[in-house]
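Notes follow once the structure below has been shown.
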Amino acid sequence: MPELDKTYTPADVESRWYQRWLDDKCFEADPARVSETRPAYSIVIPPPNVTGVLHMGHVLNNTIQDILCRRARMLGKEVLWLPGTDHAGLATQNVVEKTLKKQGVIKHRDDLGREKLIEKIWEWKGTQGDIIIDQLKKLGSSCDWSRQRFTFDPDYNACVMRVFVDLYKKGLIYRGKRMVNWCPSSLTALSDEEVIMKEQKGSMYHFRVEVIDDDTRPQTARPRAVDITEQEEQNAHHEHTRTDPHTGCRTFIHGNRFDERAGPYLSAANRRTVGAAAACLAQSQRTGADAPSGESRREEFRALLATGQFRELNLIDLAQIGIRAFGDEPLAAADESLKQLKAGAEAQPFLDHARGVVYKIFASDASGNAGRKVTVSTSPTARPYIEYEDSHPLEALEKLALLHEIGGLPTEILGVTAQGDWVLAQPEATPVTESEIGAARAEAVALVGGVQVNESGLEDIRVVWHRGRAWIISDLHLRNIMRDSEGKARIMDALIVPVPKSLTARYESVRQAIREAKEKAGILSSATHAQEELSLFPSADRKTWLTIATTRPETIPGDTAIAVNPKDERYAHLIGKHIRRPLPLENQAAIPIVGDEHVDFAFGTGVLKVTPAHDKADFEIGQRHKLEIIDVLHPNGLLNELAGKDLAGLDRFEGRKKAVDLLTEMGAMIKAEPHQNNVGYSERADVPIEPRLSEQWFLKYPSVKESQAVVASGEMKFHPDRWAKVYDHWMTGLQDWCISRQVWWGHRIPVWHAMAKDSDELRAFSEFSNKTGLSKSDSWTEHCLSGVKGEATLVTVYQNNDEGETRIEAVTDSEAEIEKLKSMGFTQDPDVLDTWFSSWLWPFATMGWPEKTSTLKAFYPTTDLVTGPDIIFFWVARMIMAGFEWMGELPFKNVYFTGIIRDKQGRKMSKSLGNSPDPLELIASYSADALRFGIMRSAPLGQDICFDDKNVELGRNFCTKLWNAARFRQMQGGEVETEISAALLSSDDKWILLRLNTAIAEVSAALEEYRFSDATATLYRFFWSEYCDWYIEASKAVLQGSDAKRKANTLAVIDFVLGHTLRLFHPFMPFITEELWHGMGFNTDLPENQGGKSIMFAPWPKPLDEDELAHFGILPEDEKTANDKYEAVNLGRGLKSTFNINKRVRFVLKPSQELPAHEVEVLRILLNAEPLDVDADFAATKGTPSAITPLGTIFLPLDGIIDVEAERARVGKELAKVESELEKVIAKLADENFTSKVPQKVLDEHQLRKTDWQEKLAKLREMMAALG
RNA sequence: GCGGCGUUAGCUCAGUGGUAGAGCGGCUGCUUUACACGCAGUUGGUCGGGGGUUCGAAUCCCUCACGCCGCACCA
């Protein structure tokens, strides 16, 4: 037997074996070898990016593939693991361009031009590309490198061209001017899958636009209100761009007419309503110029909300917010705040029809601010509530919005009628009885303390019960006017929401009464306000304004319409009118108001600006209404001249700021509030993408039905199968795939154009005919232009493109045809294809398609695919479709999705975080085997992996252990792998053979089900805990003994187990197992293809079958014999440890059964006893520590150092535990409920347990008694 | 919003109805002839909360909370 080095040197071993495997062509697949008895097994590698370097994800992915392949080889399959790399268009071009720039070779790619740059990239690929291939080899990957492919290989390119032409002919590829995801950094279109949504904290800008009747009216540079100075108005607007920084709540204010410090600011329009003006002034005076900013109150309000007690709000008048306290103590929650206010309060109760008893308390708040009013009232839902009046209507509305937006609030604002009525729904309100109302009223009265009730107040709110809900109908609407508690009229802003006509009609009389009351008070009735004024803010000159919310004000110059929902009663009547687009300043064009169902009237203001050139949804609206498309952006994201002179040349984000400034200056800006929305980012360039209208090539996915069905039916299996759902979902909502990219490195689109300058189709065609000799009727058919037999071009004539030309489009993948086209003046489409458009052909294009190669025949469809779930759409789904489309068959039978590798903190590994260890460094310091074992051990099925170097360290330790165990065997000398004699098998031998059987079965089953971490766990347990810790230690009894026959037999068992273990380990740790396989001489005498050449072809271990077990005389109960012994050892060791004995000492065993001398010797060695006396009549000195074992009682005689108390304590502790366990079992067995219902098996188990505990208890009691 | 995954020992994770586990870490002891990258012993858990089904629940059902990941999105 050759001698193993004292230490394992992985670096030498790994490079030596890998080279040897390559030299011996161990990885090369031969289709000719495939037969019925030697089935094919194949995997195509997910081709890494040619610029890529190995990261942990690759390690995980490729280790799994290698394990699958190596095991398949051992199972006697013909294995093809087909490797290669991906040309990765954008990424590679970027890398090379950057390198060239760094080297100072170029400043811009145009310096080189297309052809030269591509040359440079090829050059780069030749010298620096494919680094990852060498790295994969370091990992031990057993790929068939002789078949390595690159997606840009000439024959692969031919496949891509062929596929394009085929799809084109099938009518699935088309060119279209559509909205695409445009990357302003890479200057190319991207597919939807390459865009990732990121949450953004931006602003929602509200600005107003002027409604005009038609587009013929003269334009005015800026809207202007009468009776106010420019400065005043600007101030007013400025005030109201303020938003709540904490909540970002919307205010619903359309009017924008209040100055918080100075009180209501009156526009001319408001002055029209005389009473209102007075009211405004009155309130202003009452609250005073130094009225609190509202901030302190806001805080308090938030605090109340946070208690969760205030769940419902009720708008009484627009300056008030009512809060109802629900719960067992209706008012207790509000009590605290109320107490503060009560001091010196003046309460004014009155009866309100809608609200029951209302008490209005006027008070100063804690900080002495005047003008605070609190209303306590009963509600129609029989819950008393408290209302806070704010010094300012605006503030109240802000709170309303705040409440409205807090999840779980039962009050919803539903909408507004044409009359301006609005409806609050209270979905959680429960209808109440008269008596409940009465009780609530009484509570409220009691609270404020016996105040007299008077009737007063305006009948401004009604509650009706409808469909089981309480509906509040109010006459309030925009500029609604009411009396306040002092009897003075006030003007309020309002929420506008529709109410069902049927409902409002029933309350016509109520409204009539209100109107009369208001007229009597000299207040304009809401009825006099015409419909068109609703929701709009009319100014003195009767201009009407619409408020629009947007996140992208820089695109206003590209707006070509305003859209409202035709069902939205607020705005429906405006459809057909126009608005004045505020930007660009020099071109404030009139653009139409269109009705479109797309508009969500619950969102924002319900008015949408339509920018067809810069938003997907807007584009569609534009199509529906035949709107003009104005593109205001350059491809690189700078605003162009169409954006106006103020914005042109600015970056889109700079432009945004500038646009806001412009709107503010002209007084159109109402406010900017914090707004969170999701913005699409280019995954690669990490910049926000720009929806951009451009001419691109699109593909309608082929073979969708089959592809969806194959997974749904389970014919193709996903592991874990939850990904099947994700796949199915995506396949259900497929969007056409934008396949063209505006880069140079890629498969160039095989489409050739000739432009006929004439827009007249016939004349254009005759021009074409002169060149080709084809007639017009030949359009859309294939022709051979070159005259070369079998070659063809598909010719299509498109009339009238944007430039008024006629385009002749020729599509072919034939070189002869291309030459001819070139000579005829055709030019090729400049775009290249999406990289995924080539990699979706990977499973068959790498195998020689379209030829019917023997490789394809033998290895397609492939068996397994191992990849990450992040490319399920990019790659997996598309490969399935391509497989069906061109091979008529699924491309693989199983897909295993790995998890994502995270760091110790659970963060995704990334370059920018720098938290990704370099696998090559790990290999250098721990070995590839260690890395492989470590990562597999921590990779449960499809779960993300928290990666820690500790795992690799553990892998390294495991390798060392394996190495040393092998060395131990070798040091024993003797022949390798001799016959095992059944007669000489010890209980330990039988035990380890049974454990090996279990391990083989477990590992095989785990691998069948892709449970790699389970497999490694079994390997670890079996080899370390069972084989090394117990079996080898027990074997020392024989190996150190003098019985040569037994010794030889034990070595035979050890060899048997090691030989199986190495094979079981090989897929996980290929290098060290190969080294030991040869180093230990397991390869000798084996046929070349059965492990003689390499362990990778040795047969995969099989458990001993029944016959073999019988032959060796191994029974299932043999496992127990050894287990009993090991338990006795554990207990004996425990004794030693308890009494702090760390020397070799004497043990005495008082056996409960006869023990062969060999077993005693094993016991002695495992216990490290010197000596171990077996004495059936042993009478221990009082206080001698002992333990009850399955083999009898073990004593640890401690002459002179007996500590009776310590031993009593120890036994006592154990006694207590046994007693409690026994008690549990007895109780269970005594319970008839249990015994009558439980299956017999469980009952037996419990019975047995009971007997065991009882026996133990008896013995422990004996021991206790012995201790005195 | 819709969907998925997860929550078990200090950490990483097994455990799909019947006596709560592994590795790492911690602590104690041991240089014992394969291995200190080792050996022996030992300490860690009301299995996220609540409810239900059951003789019995970490496991099945409901619900809530938290975390992660997709998808869809509203200007």
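Per chain, numbering begins at 1; letters A, B, ... match sequence-line order.
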>> What I want to check is whether the side chains of A/Ser191 and A/Glu194 have a donor and an acceptor closer together than 3.5 Å.
In response: yes
>> Assuming nearest nucleotide by heavy-atom distance, tell me which of A/Val679 and A/Ser1025 is located more 5' along RNA chain B.
In response: A/Ser1025
> For atom P, what is the distance between B/rG48 and B/rC35, given to the nearest Å?
Replying inline: 44 Å
> Base, sugar-phosphate, or nothing for A/Lys1224, non-hydrogen atoms under 4.0 angstrom?
Replying inline: nothing
> When you check the phosphate oxygens OP1 and OP2 of B/rC24, does a side-chain N or O of A/Lys950 lie under 4.0 Å from one of them?
Replying inline: no
> Is there a Watson-Crick or G-U wobble partner for B/rA22 with both distances under 3.5 Å, and which nucleotide is it?
Replying inline: B/rU12
> Over how many whole Å does the gap from A/Asn951 atom CG to B/rC11 atom C1' extend?
Replying inline: 11 Å
> If you measure from the P atom in B/rG49 to the same atom in B/rG10, how many Å do you get, rounded?
Replying inline: 14 Å
> Okay, side chain of A/Arg722, backbone of A/Val726: is any donor-acceptor separation there less than 3.5 Å?
Replying inline: no
> Would you say A/Gln735 has more than 12 foreign heavy atoms packed within less than 6.0 Å of its CD?
Replying inline: no
>> Using salt bridge (charged side-chain N to carboxylate O under 4.0 Å, His left out), reason through A/Asp192 and A/Lys616 one step at a time and then give a plain yes or no.
In response: CA-CA 12 Å; A/Asp192 294 344; A/Lys616 261 184 189 170; 3.4 Å; yes
>> Does the structure show a Watson-Crick or G-U wobble partner for B/rU53, both distances under 3.5 Å? Name it, or say none.
In response: none
>> Quiz question: by atom type and distance under 3.5 Å, do the side chains of A/Asn957 and A/Glu953 form a donor-acceptor pair?
In response: no
> Which listed nucleotide (B/rA75, B/rC71, B/rU19) is nearest to the side chain of A/His729?
Replying inline: B/rC71
>> I need the minimum non-hydrogen distance between A/Ala1015 and A/Val1003, along with the two atoms involved.
In response: O-CG2, 3.9 Å
> Rounded to whole angstroms, how far apart are CZ on A/Arg1011 and C1' on B/rU16?
Replying inline: 13 Å
> Whom does B/rC5 pair with, Watson-Crick or G-U wobble, provided both distances fall under 3.5 Å?
Replying inline: B/rG67
>> Measure NE2/A/His206 against C1'/B/rA75 and give the value in whole Å, please.
In response: 10 Å
> Expressed in whole Å, how much space separates the C1' atoms belonging to B/rC61 and B/rC68?
Replying inline: 25 Å
> Starting at NE2 of A/His719 and ending at P of B/rC5, how long is that distance when rounded to a whole Å?
Replying inline: 17 Å
> Any idea if B/rG44 is syn or anti, going by the 90°-from-0 cut?
Replying inline: syn
> Taking atom C1' in both B/rG17 and B/rC66, what distance in whole Å separates the two?
Replying inline: 27 Å
>> In whole Å, measure the gap between the P atoms of B/rG70 and B/rC62 for me.
In response: 26 Å
> Can you tell me how far C1' of B/rG18 sits from CG of A/Leu1229, to the nearest Å?
Replying inline: 12 Å
>> For the residue pair A/Asn1233 / A/Lys1237, report whether a side-chain donor-acceptor contact shorter than 3.5 Å exists.
In response: yes
> On a whole-Å scale, what distance lies between the C1' atoms belonging to B/rG38 and B/rU31?
Replying inline: 10 Å
>> Please report the distance separating the C1' of B/rG67 from the corresponding atom of B/rG56, rounded so that it comes out in whole Å.
In response: 32 Å
> B/rC5 P sits how many Å from A/Arg722 CZ, rounded?
Replying inline: 7 Å
> Rounded to whole angstroms, how far apart are CD on A/Glu1170 and C1' on B/rC30?
Replying inline: 18 Å
>> Could you go through A/Phe718 and A/Trp723, starting from their C-alpha distance and side-chain angles, then the distance that decides it, and tell me whether this counts as ring-ring contact (aromatic ring centres under 6.0 Å, His included)?
In response: CA-CA 6 Å; A/Phe718 282 10; A/Trp723 294 111; 8.9 Å; no
> Please, which pairs that meet salt bridge (charged side-chain N to carboxylate O under 4.0 Å, His left out) have at least one residue in residues 1128-1144 of chain A, sequence neighbours excluded?
Replying inline: none
>> Any donor-acceptor pair under 3.5 Å linking the side-chain atoms of A/Lys609 with those of A/Thr555?
In response: yes
> Mind checking who B/rG38 pairs with, Watson-Crick or G-U wobble, both distances under 3.5 Å?
Replying inline: B/rC30
>> Any donor-acceptor pair under 3.5 Å linking the side-chain atoms of A/Thr1189 with those of A/Glu1127?
In response: no
>> Generate the contact string for nucleotides 32-47 of chain B. Rules: B means base contact, S means sugar-phosphate contact only, - means no protein heavy atom under 4.0 Å.
In response: --BB-BSSSS------
> When you compare B/rG15 with B/rG51, how far apart are their C1' atoms, in angstrom units rounded to a whole number?
Replying inline: 25 Å
Produce the list of close N/O pairs, under 3.5 Å, pairing protein atoms with atoms of nucleotides 55-58 of chain B; give distances to one decimal.
unit_1	atom_1	unit_2	atom_2	d
B/rC55	OP1	A/Lys1237	NZ	2.4
B/rC55	O4'	A/Asn1233	O	3.2

> Across all strands, who's sitting opposite B/rG45 as a Watson-Crick or G-U wobble pair, both distances under 3.5 Å?
Replying inline: none
> So what does A/Val599 touch, heavy atoms closer than 4.0 Å: a base, only the sugar-phosphate, or nothing?
Replying inline: base
>> Expressed as a whole number of angstroms, how long is the span from A/Tyr1020:OH to B/rG23:P?
In response: 7 Å
